[in-house]
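Residue numbers count from 1 along this sequence.
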Amino acid sequence: MNTEPARSRAVFSTEDFGLMKEAVADYVRKIAEDPRSVKFSNLYHRLGRLG
């Protein structure tokens with residue numbers, strides 16, 4: 001009897017990261033004057049490292 005947990009499956013594909021990065025980049029341009037744009041910009045760069 002195997003007691004090891006089942007291997008989890010990926011939620012997003014590699015292509016999904018490119019799409020999310022594109023969407024976040026568009027949003028960052030739209031909210032450029034909002035202080036939250038810095039957080040979204042950081043998210044954009046993190047997504048770039050993943051995909």
Side-chain angles (χ1 to χ4, degrees):
M1 184 175 208
N2 189 357
T3 59
E4 293 182 28
R7 184 175 174 189
S8 62
R9 295 177 41 191
V11 175
F12 298 110
S13 72
T14 305
E15 183 179 359
D16 292 340
F17 290 110
L19 294 171
M20 287 188 282
K21 188 175 176 187
E22 183 179 338
V24 170
D26 183 60
Y27 188 64
V28 168
R29 285 190 293 276
K30 289 179 181 177
I31 66 162
E33 301 302 319
D34 187 317
R36 295 181 318 138
S37 67
V38 173
K39 291 182 180 184
F40 282 96
S41 180
N42 292 338
L43 174 60
Y44 173 84
H45 290 290
R46 287 193 304 270
L47 286 169
R49 289 192 301 241
L50 293 173

Could you state whether Ile31 and Val24 fall into the same hydrophobic cluster, counting links through intermediate Ile, Leu, Val, Met, Phe, Trp or Tyr residues with side-chain heavy atoms under 4.5 angstrom apart?
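Yes, Ile31 and Val24 fall within the same hydrophobic cluster.
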Do the side chains of Leu19 and Val11 join up, straight or via other hydrophobic residues, at under 4.5 Å, putting them in one cluster?
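No.
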Verify side chain to side chain contact (heavy atoms under 4.5 Å, CB included) between Tyr27 and Arg36, making sure each step is shown before the conclusion.
CA-CA 11 Å; Tyr27 188 64; Arg36 295 181 318 138; 3.1 Å; yes
Testing the basics here: between Ala32 and Ser37, what is the closest heavy-atom pair and its distance to 0.1 Å?
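Looking at all heavy atoms of both residues, the shortest contact is O-OG, 3.5 Å.
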Would you give the length of the straight line joining atom [atom1] of [X] to atom [atom2] of [Y], rounded to the nearest 0.5 angstrom?
{"X": "Tyr44", "Y": "Glu22", "atom1": "OH", "atom2": "CD", "value": "9.5 Å"}
{"X": "Arg46", "Y": "Met20", "atom1": "CZ", "atom2": "CE", "value": "12.0 Å"}
{"X": "Asp16", "Y": "Lys21", "atom1": "CG", "atom2": "NZ", "value": "14.5 Å"}

